[in-house]
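Atoms considered below: every heavy atom in the structure, side chains included; atoms not considered: hydrogens, waters and symmetry mates. Ligands are counted one by one from 1 in listed order, and the atoms in each one are counted from 1 as well.
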Amino acid sequence: MTARIIDGKALAEKVREEIAQRAAELTAQGVQPCLAVILVGEDPASAVYVRNKVAGCEKAGFRSLKFTYPVDVAPEVVFAKIAELNADATVHGILVQLPLPKQFDADKVLEAISPEKDVDGFHAENFGLLLQGRKSFYPCTPWGVMKMLDSEGVQLKRMEAVVIGRSNIVGKPMAVMLLSRGATVTVCHSQTKDLAFHTKRADLVVAAVGRAKFLTGDMIKPGAVVVDVGINRDADGKLCGDVDFDTARDVASLLTPVPGGVGPMTITMLLANTVESAQRVLEAKQQ
Ligand code: NDP
């Protein structure tokens with residue numbers, strides 16, 4: 001079997017066109033979607049992510065604000081900026097790029113963002129709503145994965161799904177989203193006794209581990225759907241995922257590539273959350 005490859009880039013472009021259309025309609029009604037991004041320090045990967053987020057906003061017709069601080073900035077300065085942005089009615093989304101330098105308690109920073117503007121979906125209130133199956137801002141990466149699966153017509157009901165990774169930003173919300181759609185979900189992590197036992201019986205595997213080419217073809221059930229969330233560098237410094245693409249493609253039925261898979265969908269869903277937040281503001285104004 002040779003897996004069909006899910007083109008995340010093409011899907012992202014299609015969804016972004018719809019978002020740009022919604023943004024234009026909102027702007028015409030006096031509410032231009034606006035995302036504010038806070039970047040602390042000079043981590044090169046974070047700088048690239050922020051640049052792509054700002055560019056994504058601008059291309060979709062959003063207003064974007066960027067605030068950068070030196071690595072040794074006092075946390076109070078950043079908290080004050082978050083409070084100011086929370087109070088600014090023209091700002092619909094606030095994002096603090098992670099990781100933060102060691103003087104910060106990242107949980108406290110994320111909690112300081114108003115849940116109504118938490119377009120990353122990391123605030124405990126939004127995560128709690130997700131757990132309860134209620135409307136919230138969904139974390140962008142797992143939501144992007146759901147969009148990809150839906151775009152391929154993957155029927156999640158009754159599926160055996162295995163998520164590898166239990167982080168708050170990918171693994172846990174991914175598991176909750178799959179569960180809410182009727183999959184039977186197993187979450188694996190670094191303490192899992194026999195990982196291959198679980199992955200080999202899964203109809204769907206989502207790998208969010210952070211280890212290059214970790215999931216190999218012999219760990220995958222023939223015909224399974226495999227989603228690769230990882231962003232790593234291989235021994236030659238080339239971008240690669242958590243899945244060993246070359247061996248996995250001979251076993252899986254559907255597979256996401258790296259690059260060009262989940263990555264482009266993550267920023268797309270950030271834009272989707274921001275436009276949704278702006279829509280809620282407009283609706284509140286009209287009431
Ligand atoms: P974390 O490091 O927070 O979590 C990694 C998870 O993998 C942990 O739960 C860890 O288990 C588990 N793990 C580590 N080693 C093993 C192992 N040997 N066997 C089984 N499980 C293991 O990473 P993130 O969730 O933040 O990100 C995961 C990957 O996804 C990274 O490559 C990251 O760069 C990428 N990423 C990609 C995004 C995109 O847009 N495409 C967005 C966000 C992340 P334990 O909890 O026990 O330590």
Side-chain angles (χ1 to χ4, degrees), residues 5-9 11-12 15-16 37 43-53 55-56 95-100 106-107 110 119-122 127 130 137-149 161-178 185-200 202 205-216 218-220 226-235 237-245 248 255-273:
I5 307 304
I6 307 181
D7 186 344
K9 211 161 158 237
L11 178 63
V15 178
R16 284 189 203 201
V37 182
D43 175 50
S46 292
V48 172
Y49 290 140
V50 166
R51 204 161 54 232
N52 289 341
K53 287 168 187 174
L95 176 158
V96 178
Q97 185 63 44
L98 300 176
L100 284 163
D107 288 338
L110 298 177
V119 287
D120 251 340
F122 293 165
F127 195 49
L130 170 66
F137 287 124
Y138 299 139
C140 304
T141 300
W143 192 26
V145 171
M146 296 304 283
K147 286 268 173 202
M148 294 176 91
L149 296 173
V162 165
V163 178
I164 317 175
R166 55 173 167 174
S167 72
N168 288 336
I169 63 170
V170 189
K172 280 184 204 157
M174 185 78 254
V176 174
M177 286 182 197
L178 293 170
V185 185
T186 303
V187 183
C188 298
H189 45 79
S190 68
Q191 306 306 310
T192 297
K193 203 158 70 180
D194 184 353
L195 181 68
F197 165 79
H198 296 285
T199 58
K200 271 189 197 162
V205 182
V206 179
V209 191
R211 291 180 172 225
K213 304 183 183 181
F214 177 76
L215 185 79
T216 46
D218 58 337
M219 297 166 78
I220 298 167
V226 178
V227 176
D228 190 351
V229 175
I231 301 177
N232 315 290
R233 299 265 167 201
D234 68 12
K238 232 177 104 199
L239 209 60
C240 71
D242 289 343
V243 177
D244 182 31
F245 188 86
L255 175 63
T256 68
V258 177
V262 176
M265 286 305 289
T266 295
I267 296 183
T268 304
M269 302 329 288
L270 174 72
L271 301 176
N273 275 340

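Of the protein's heavy atoms, Val209 CG1, 3.6 Å lies nearest to atom 13 (N) of ligand 1. Atom 29 (C) of ligand 1 has as its closest protein heavy atom Gly210 N, 3.7 Å. Nearest to atom 46 (O) of ligand 1 among the protein's heavy atoms is Arg166 NE, 2.7 Å. With respect to atom 36 (N) of ligand 1, the closest heavy atom belonging to the protein is Val229 O, 3.7 Å. With respect to atom 21 (N) of ligand 1, the closest heavy atom belonging to the protein is His189 C, 3.1 Å. Nearest protein heavy-atom contact of atom 25 (O) of ligand 1 is Ser167 OG, 2.5 Å. The protein non-hydrogen atom at the shortest distance from atom 17 (C) of ligand 1 is Phe214 CZ, 3.6 Å. Among all protein heavy atoms, the one lying closest to atom 47 (O) of ligand 1 is Ser190 OG, 2.5 Å.
Residue Gly165 has no nitrogen or oxygen atom sitting less than 3.5 Å from a nitrogen or oxygen atom of ligand 1, judged on distance alone. Considering backbone and side-chain atoms alike, Cys188 places every N or O at 3.5 Å or more from each N or O of ligand 1.
Checking each of Phe122, Trp143, Phe127 against Tyr138 for a ring pair (Phe, Tyr, Trp, His ring centres under 6.0 Å) leaves exactly one that passes, namely Trp143. Tested against Leu95 for a side-chain contact (heavy atoms from CB on, under 4.5 Å), the candidates Val37, Leu110, Asn273 yield a single pass: Val37. The side-chain contact (heavy atoms from CB on, under 4.5 Å) test with Val170 singles out one residue from Val145, Val262, Thr141, Val163, and that residue is Thr141. His198 pairs in a side-chain contact (heavy atoms from CB on, under 4.5 Å) with only one of the listed residues (Thr192, Ile164, Val205), which is Thr192. Remark: of the listed residues Lys172, Met177, Met174, Met177 is the sole one forming a side-chain contact (heavy atoms from CB on, under 4.5 Å) with Pro139. Just one of Val209, Thr216, Asp228 meets the side-chain contact (heavy atoms from CB on, under 4.5 Å) condition when paired with Val243; it is Asp228.
Near Gly263, meaning under 4.0 Å from one of its heavy atoms, ligand 1 places the atoms 40 (O), 41 (N). Using a 4.0 Å cut-off to heavy atoms of Ile169, the atoms of ligand 1 that qualify are 26 (O). Within the listing of ligand 1, atoms 20 (C), 21 (N) sit less than 4.0 angstrom from a heavy atom of Ile164. Near Thr266, the atoms of ligand 1 lying under 4.0 angstrom from a non-hydrogen atom of the residue are 39 (C), 40 (O). In the vicinity of Asn232, heavy-atom distances shorter than 4.0 Å reach the ligand 1 atoms 32 (O).
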Next on the checklist: Before you tell me yes or no, could you show the steps for Thr199 and Val162 under side-chain contact (heavy atoms from CB on, under 4.5 Å), namely the whole-Å CA-CA distance, both residues' side-chain angles and the distance that decides it to 0.1 Å?
Outcome noted: CA-CA 6 Å; Thr199 58; Val162 165; 4.2 Å; yes

Item to check | Trace of the side-chain contact (heavy atoms from CB on, under 4.5 Å) decision for Leu271 with Arg16 | outcome: CA-CA 8 Å; Leu271 301 176; Arg16 284 189 203 201; 4.1 Å; yes

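In this structure, Ala208 is part of the shell of residues with a heavy atom less than 4.0 angstrom from ligand 1.
In this comparison of Val227, Val170, Leu98, the heavy atom closest to atom 43 (C) of ligand 1 sits on Val170.
Only the side chain of Arg211 comes within 4.0 Å of ligand 1, judged by heavy-atom distances.
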